[in-house]
Amino acid sequence: MNREDGELISARAADLLKACDRSNAPRFTAFLTEGECALAQQTLERLHGSFAFFGGYAQAQRRILCVHPPEYAPEEQAYPIACVHLTYRRADNLTHRDVLGALMHLRLRRDAIGDILPQEGLTQVFLHKPVAQLVCDELRKIGRVGVRAELAAYTGSFVQEFEPIEGTVPSLRLDAVVSLAARISREKSAVLIHGGQVTVGGLPVLTPSALIGQDAVFSARGFGKFRLAQVSGITKKGRLHITIEKFK
């Protein structure tokens, strides 16, 4: 996200707060990225606005912002989100990229599409409610795979899988943790950080010496998304033993 995009998100959050105050009714965005959510949150906290995020299920990464009156926080059902089930043969394999490409081919805006959760024979997709029926009506194939699209409730059966990465670091400096996670040198890690290619909590961090805490979620462009899952001890040489989980 560049500076202009960040300023646009902050301005949009402020405008939503003004609209909410005028009408005394909740106002919703379309789906936001993790970084956009973080920027909107910073803006609304500074302006003392009442707000919440929801993406269709508790662990959602792409979420819709709701700015609401202080005395009225909408229920989850009030968010303009629909869950669409794509079912297909269990022998077929569809990836997140396959499904996203098919949805974009329908000329959907990216912010109309929330999380995409592929499983065997079923992919659950969260969509901005106004476009959900269009997907059900028009999506019949993804590549060579025939699919059936229908509105349905989230099953709650999706489990995020991780690849564990264990090792030691001299400290919890961002460059050291990214070096272990991405399996690159600290020098290369620092270059990524200075170049704005590393985010923590969805926002770029440009300082290699910044400290990262347990449970922090971070991404390095080209290498993936990670979580600092555990700091489990200190070696005889004073290094920290940590476990990182890489999102699959």
Side-chain angles (χ1 to χ4, degrees), residues 1-10 12 29-43 53 55 59-65 94-105 108-118 125-126 158 160-231 242-248:
M1 189 191 327
N2 59 38
R3 182 175 179 178
E4 284 187 6
D5 290 339
E7 291 175 349
L8 184 62
I9 289 296
S10 295
R12 189 177 177 193
T29 64
F31 285 99
L32 304 178
T33 67
E34 290 179 288
E36 289 168 341
C37 287
L39 281 173
Q41 179 170 338
Q42 288 179 356
T43 300
F53 296 97
Q59 296 80 28
Q61 297 175 36
R62 296 178 64 85
R63 295 173 292 166
I64 283 178
L65 164 66
L94 290 178
T95 66
H96 182 285
R97 183 175 181 179
D98 295 330
V99 176
L100 178 59
L103 294 171
M104 298 298 288
H105 190 68
L108 300 187
R109 290 170 52 97
R110 185 62 182 94
D111 63 4
I113 306 168
D115 282 12
I116 298 171
L117 308 178
V125 183
F126 294 94
F158 177 78
Q160 177 66 57
E161 295 184 350
F162 300 95
E163 173 193 343
I165 301 170
E166 295 186 0
T168 63
V169 290
S171 71
L172 294 182
R173 280 176 50 127
L174 184 58
D175 58 350
V177 176
V178 169
S179 173
L180 176 61
R183 297 181 172 93
I184 57 176
S185 68
R186 283 185 69 175
E187 290 76 15
K188 290 183 179 179
S189 170
V191 170
L192 286 176
I193 295 167
H194 282 306
Q197 306 299 301
V198 175
T199 63
V200 180
L203 293 176
V205 177
L206 304 177
T207 308
S209 61
L211 297 179
I212 186 169
Q214 186 166 317
D215 293 325
V217 175
F218 61 98
S219 297
R221 186 171 298 176
F223 294 94
K225 182 177 179 181
F226 309 87
R227 183 172 77 93
L228 178 55
Q230 188 175 25
V231 181
I242 65 173
T243 301
I244 296 168
E245 293 177 338
K246 181 177 182 179
F247 287 67
K248 290 187 176 180

A.B. asks: Given Leu39, which of Thr33, Ile9, Leu8 fulfils the side chain to side chain contact (heavy atoms under 4.5 Å, CB included) condition?
C.D. replies: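 Per the side chain to side chain contact (heavy atoms under 4.5 Å, CB included) rule, the option paired with Leu39 is Ile9, out of Thr33, Ile9, Leu8.
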A.B. asks: Any side-chain heavy atom of Gln59 sitting closer than 4.5 Å to one from Asp115?
C.D. replies: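 SC-SC contact between Gln59 and Asp115 ruled out.
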A.B. asks: Quick check: do Thr43 and Arg12 have side-chain heavy atoms less than 4.5 Å from each other?
C.D. replies: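 Not touching, per the 4.5 Å side-chain cut-off.
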A.B. asks: How far does CG of Asp215 sit from CD of Gln230, to the nearest 0.5 angstrom?
C.D. replies: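 Between atom CG of Asp215 and atom CD of Gln230 there are 10.0 Å.
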A.B. asks: When rounded to the nearest 0.5 angstrom, what is the spacing between CD1 in Ile244 and CZ in Arg227?
C.D. replies: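 With rounding to 0.5 Å, CD1 (Ile244) is 11.0 Å from CZ (Arg227).
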A.B. asks: Quick one: pull up CZ in Phe31 and CD1 in Ile64 and give me the separation to the nearest 0.5 Å.
C.D. replies: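 So the gap between those two atoms works out to 4.0 Å.
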A.B. asks: For the backbone of Leu65 and the side chain of Thr29, can you confirm whether one donor and one acceptor N or O come within less than 3.5 Å of each other?
C.D. replies: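 Side chain of Thr29 to backbone of Leu65, a donor-acceptor pair under 3.5 Å: yes, one is there.
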A.B. asks: Do you know the tightest heavy-atom contact between Ile193 and Pro208?
C.D. replies: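 In this case the closest contact between Ile193 and Pro208 is CG2-N, 3.8 Å.
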A.B. asks: With a sphere of 6.0 Å drawn around NE2 of His105, does it hold more than 12 non-hydrogen atoms of other residues, nucleotides or ligands?
C.D. replies: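 Open: at most 12 neighbouring heavy atoms sit under 6.0 Å from NE2 of His105.
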A.B. asks: Under a 4.0 Å N-O cut-off, is there an ion pair linking Glu36 with Arg110?
C.D. replies: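 No salt bridge links Glu36 with Arg110.
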A.B. asks: Go through it in stages, so that I can follow the logic: the residues are Phe247 and Phe162, the test is ring pair (Phe, Tyr, Trp, His ring centres under 6.0 Å), and I'd like the CA-CA distance, side-chain angles, deciding distance and then a yes or no.
C.D. replies: CA-CA 5 Å; Phe247 287 67; Phe162 300 95; 4.8 Å; yes
A.B. asks: Would you say the side chain of Val217 lies within less than 4.5 Å of the side chain of Lys225, judging by non-hydrogen atoms?
C.D. replies: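 With C-beta onward as the side chain, the pair touches.
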A.B. asks: Distance check, rounded to the nearest 0.5 Å: Asp175 atom CG versus Leu180 atom CG?
C.D. replies: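 Between Asp175 CG and Leu180 CG, I get 12.0 Å after rounding to 0.5 Å.
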A.B. asks: Check Pro170 against Arg186 and note the closest heavy-atom contact, atom names and distance.
C.D. replies: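 Nearest heavy atoms, Pro170 then Arg186: CG-NH1, 3.3 Å.
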A.B. asks: Under 3.5 Å, is there a donor-acceptor pair between the side chain of Gln197 and the main chain of Gly195?
C.D. replies: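 Between the backbone of Gly195 and the side chain of Gln197 there is a qualifying donor-acceptor contact (under 3.5 Å).
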A.B. asks: Which atom pair, heavy atoms only, marks the closest approach of Pro204 to Gly196?
C.D. replies: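 Here Pro204 and Gly196 meet closest at CB-O, 4.4 Å.
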A.B. asks: Is there a side-chain contact between Leu117 and Phe126 (heavy atoms, below 4.5 Å)?
C.D. replies: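 When only atoms from C-beta onward are counted, Phe126 and Leu117 do touch, with a gap below 4.5 Å.
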A.B. asks: Are any non-hydrogen side-chain atoms of Leu174 and Thr207 less than 4.5 angstrom apart?
C.D. replies: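 Counting from C-beta outward, Leu174 and Thr207 never come under 4.5 Å.
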A.B. asks: Going by heavy atoms in the side chains, are Leu94 and Pro118 under 4.5 Å from each other?
C.D. replies: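 No. Closest side-chain heavy atoms not under 4.5 Å.
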A.B. asks: Quick one: pull up OG in Ser219 and CG in Leu192 and give me the separation to the nearest 0.5 Å.
C.D. replies: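 Ser219 OG to Leu192 CG: 12.0 Å, rounded to 0.5 Å.
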A.B. asks: Check whether any side-chain heavy atom of Phe226 lies under 4.5 Å from a side-chain heavy atom of Ile165, and answer yes or no.
C.D. replies: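 Touching, per the 4.5 Å side-chain cut-off.
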A.B. asks: Under the ring pair (Phe, Tyr, Trp, His ring centres under 6.0 Å) test, which residues partner Phe223, sequence neighbours left out?
C.D. replies: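 Checked Phe223 against ring pair (Phe, Tyr, Trp, His ring centres under 6.0 Å); zero matches.
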A.B. asks: Which residue, Val205, Thr199, Val178, forms the side chain to side chain contact (heavy atoms under 4.5 Å, CB included) with Phe218?
C.D. replies: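 Answer after filtering Val205, Thr199, Val178: Val178.
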A.B. asks: Where do Leu32 and Arg63 land on the side-chain contact (heavy atoms from CB on, under 4.5 Å) test, with the steps shown first?
C.D. replies: CA-CA 5 Å; Leu32 304 178; Arg63 295 173 292 166; over 6 Å; no
A.B. asks: Is a side-chain N or O of Glu34 found less than 3.5 angstrom from the main chain of Leu203, in a donor-acceptor match?
C.D. replies: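 Checking the backbone N and O of Leu203 against the side chain of Glu34, no donor-acceptor pair under 3.5 Å is found.
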A.B. asks: Quick one, Ser179 with Ser189, criterion side-chain hydrogen bond (donor to acceptor under 3.5 Å, both in side chains). Give me CA distance, side-chain angles, the key distance, then yes/no.
C.D. replies: CA-CA 5 Å; Ser179 173; Ser189 170; 5.7 Å; no
